[in-house]
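Note sheet for the following structure.
Residue numbering restarts at 1 for every chain, and letters A, B, ... go by the order of the sequence lines. Remember, predicted model here, so these are calculated numbers, not experimental data. Hydrogens, waters and symmetry mates are skipped; everything else that's a heavy atom, side chains included, is used.
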There are 2 protein chains.
Amino acid sequence: MGSTERKQIKSTRTAFTIIERISSTDGATVSELAKTLGHSKSTVHAHLQTLTEMGYLFRIGDEYHVGLPFLTLGGAARSTDRYQNLYRAAKAEIDDIVDQTGERAQVVVEYQGEGIYFYQSRGHRYVQTDSQLGTSVSLHSTAVGKTILSVLPDDRVEEILSNSELRPRTEHTVVDRGELRERIETIRERGYAYDREERIEGICCVAAPIECGPETIAGLSVTVPTKRASGEYFEKELPTLVTNVARVIELNTQYS
Amino acid sequence: MGSTERKQIKSTRTAFTIIERISSTDGATVSELAKTLGHSKSTVHAHLQTLTEMGYLFRIGDEYHVGLPFLTLGGAARSTDRYQNLYRAAKAEIDDIVDQTGERAQVVVEYQGEGIYFYQSRGHRYVQTDSQLGTSVSLHSTAVGKTILSVLPDDRVEEILSNSELRPRTEHTVVDRGELRERIETIRERGYAYDREERIEGICCVAAPIECGPETIAGLSVTVPTKRASGEYFEKELPTLVTNVARVIELNTQYS
DNA sequence: CGCAGCAGTTCGACACTGTCGAACGGGGTC
DNA sequence: GACCCCGTTCGACAGTGTCGAACTGCTGCG
């Protein structure tokens, strides 16, 4: 700490802290925010008033909610130079996978040590999901996450692992750093990763990494319910599919 | 003015002004922002440092860009109580339309006098587009926009029209308030709207309104290139399709 | 080679403003 | 009717966001 925090705007920090809290609890009131964030009601009130007036929040009764302008900014982020090629390539290929398999498929991008759902699509036999556009997930508890770790330089992996607490999500979640490193090594060798109920009971994934440059690391995964997660389909077909498609996305990202 | 602007946080305003500028120019530097926004370089610098450190912006060379965390907030906005039903219903139906027609289709939601691209999908013969997720459009220059106006209460329509300058986008854009009101009246009667190159040359739309409650007004449109915008297809089939699907979305939004 | 010119960055100082706690008004409930 | 808790307003102070000037480092031009 103390590295790049020369002069910063404290009130902007609190503004975004408020926004984040509202977003994660899906609505909050002045008093709730004041209590949980440790600010006076009047301070919170002033912030909410500002953000509402600018349109970034909207109000139902006494509850404030995050507004659609963030979708505008999110869309802008996705069509940034760094990401727009990936978006274009990923969308087409993911939709293809969904058409072929009927499962759920997604691209997750590494952003500052976390994975962010970048594009997602669901097929006719899709499984229910808490994860939708923009959801951020920890890299250690998902198949995509581990494929991302498998292609990051060692020092970044160590940095990320030491900053995360490896919180278990299910009884199958890998929480031991040593075992995690071993698994990552395996993934690095064979090129794809499995998640067998490590994050959510009853849900499995197959994933492959997508490298679009040193700064843009992503992963692609197909999600299936455990009942379909076995045999030729899960051991051969899907791994082949995701690794092939990941390579196609990489190529399409380069030339466009 | 002077109504609800009691006590507001000025620095948060400038923070978001900076973010908006960066987003609309797809990247900007300290000096550019200082110049165009009328702040000192040091002020802008402090803001950028804060936002970058929080992850909301990222930096390439000396250019700052909007980051993926906004996608997280945007996703949260879309799965807010007010919007999540609409999202679920709209996604399924829009994807259906795209499968059937191969065109581009989208749902646009009214938010504070503007239309925001809420969900969009493109088919195999989709037309190129500058509009993607989160894009905000004026209500007077699009077919969806006018269907939205057609179901809003008169006073809100007047309010919105008086606040917008009716800037022409093409030579076909309706800029006369009287004519606009007439067209809206027509749409109100027959239930759907056309856009014949009013916003973009070579591109036409058919749209129908979606009412999901007094606070959640949206519209659905199918976009086709002018060369396909004629005959039975454009005059009968598409209008029937969009009005029917709009009704289905309304129903599915109510019960879930 | 060096000097201008322009980038981003740091610094110190001041006026402003974001912050707080207390007080107000209004809907509930017991 | 008295309580409680909500959002809101107020005034005052400390804190900080703001500015311009000065610093660094780079580029390119003379």
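- A:Gln106 and A:Ser221 share a donor-acceptor pair across their side chains, judged by distance under 3.5 Å alone.
- Residue-level contact check: A:Ser42 touches the bases, meaning some heavy atom is under 4.0 Å from a base atom.
- Taking for each of B:Lys41 and A:Lys41 the nucleotide of DNA chain D with the nearest heavy atom, the 5'-most of the two is the partner of A:Lys41.
- Note on A:Ser40: a base of the nucleic acid sits closer than 4.0 angstrom, heavy atoms only.
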Side chain to side chain donor-acceptor pair (under 3.5 Å) between B:Ser31 and B:Thr29, intermediate numbers included: CA-CA 6 Å; B:Ser31 305; B:Thr29 66; 4.9 Å; no

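- Straight-line distance from the CD atom of A:Glu53 to the P atom of D:dT8: 14 Å, rounded to whole Å.
- Distances were taken from every side-chain heavy atom of B:Lys10 (C-beta onward) to each of D:dG17, C:dT10, C:dG18; the shortest belongs to C:dG18.
- For the 3.5 Å distance criterion, the side chains of A:Ser11 and B:Ser11 qualify, holding a donor opposite an acceptor.
- Counting to the nearest Å, the C1' atom of C:dC6 and the CG atom of B:Asp62 are 11 Å from each other.
- Going from atom CG of B:Leu33 over to atom C1' of C:dT9 covers 15 Å, rounded to whole Å.
- Going from atom NZ of A:Lys7 over to atom C1' of C:dC14 covers 11 Å, rounded to whole Å.
- Between the C1' atom of C:dG18 and the CD atom of A:Gln49 lies a distance of 14 Å, rounded to the nearest Å.
- Listed pair A:Thr43 / C:dC20 meets the phosphate criterion, a side-chain N or O lying under 4.0 Å from OP1 or OP2.
- For A:Val30, whose side chain is taken as the heavy atoms from C-beta onward, the closest listed nucleotide among D:dT18, C:dT17, D:dG7 is D:dG7.
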Is there a ring pair (Phe, Tyr, Trp, His ring centres under 6.0 Å) between B:Tyr64 and B:Tyr56? Walk through the geometry before answering. CA-CA 10 Å; B:Tyr64 291 83; B:Tyr56 287 101; over 10 Å; no

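- Proximity of A:Thr29 to the phosphate of D:dG7: a side-chain N or O atom is located under 4.0 Å from OP1 or OP2.
- Residue A:Arg13 has no polar side-chain atom (N or O) positioned under 4.0 Å from OP1 or OP2 of D:dT16.
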Before giving the answer on side chain to side chain donor-acceptor pair (under 3.5 Å), spell out for A:His39 and A:Thr14 the whole-Å C-alpha distance, their side-chain angles and the decisive distance to 0.1 Å. CA-CA 9 Å; A:His39 290 121; A:Thr14 71; 5.3 Å; no

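- Rounded to whole Å, the distance from CD1 on A:Ile18 to P on D:dG7 is 13 Å.
- Along DNA chain D, the nucleotide nearest A:Arg59 and the nucleotide nearest B:Gly38 are compared for position; the residue whose nucleotide lies closer to the 5' end is A:Arg59.
- Between the NE2 atom of A:His39 and the P atom of D:dT16 there is a distance of 11 Å, rounded to whole Å.
- For the OP1/OP2 pair of D:dT18 and a distance below 4.0 Å, the side-chain nitrogens and oxygens of B:His47 include at least one atom meeting the criterion.
- Proximity of A:His45 to the phosphate of D:dT8: a side-chain N or O atom is located under 4.0 Å from OP1 or OP2.
- Here D:dG17 is the nucleotide among D:dG17, C:dT19, C:dG8 with the atom lying nearest to any side-chain atom of A:Ile9.
- Taking atom CD1 of A:Ile60 as the reference point, atom P of D:dG7 lies 15 Å away to the nearest angstrom.
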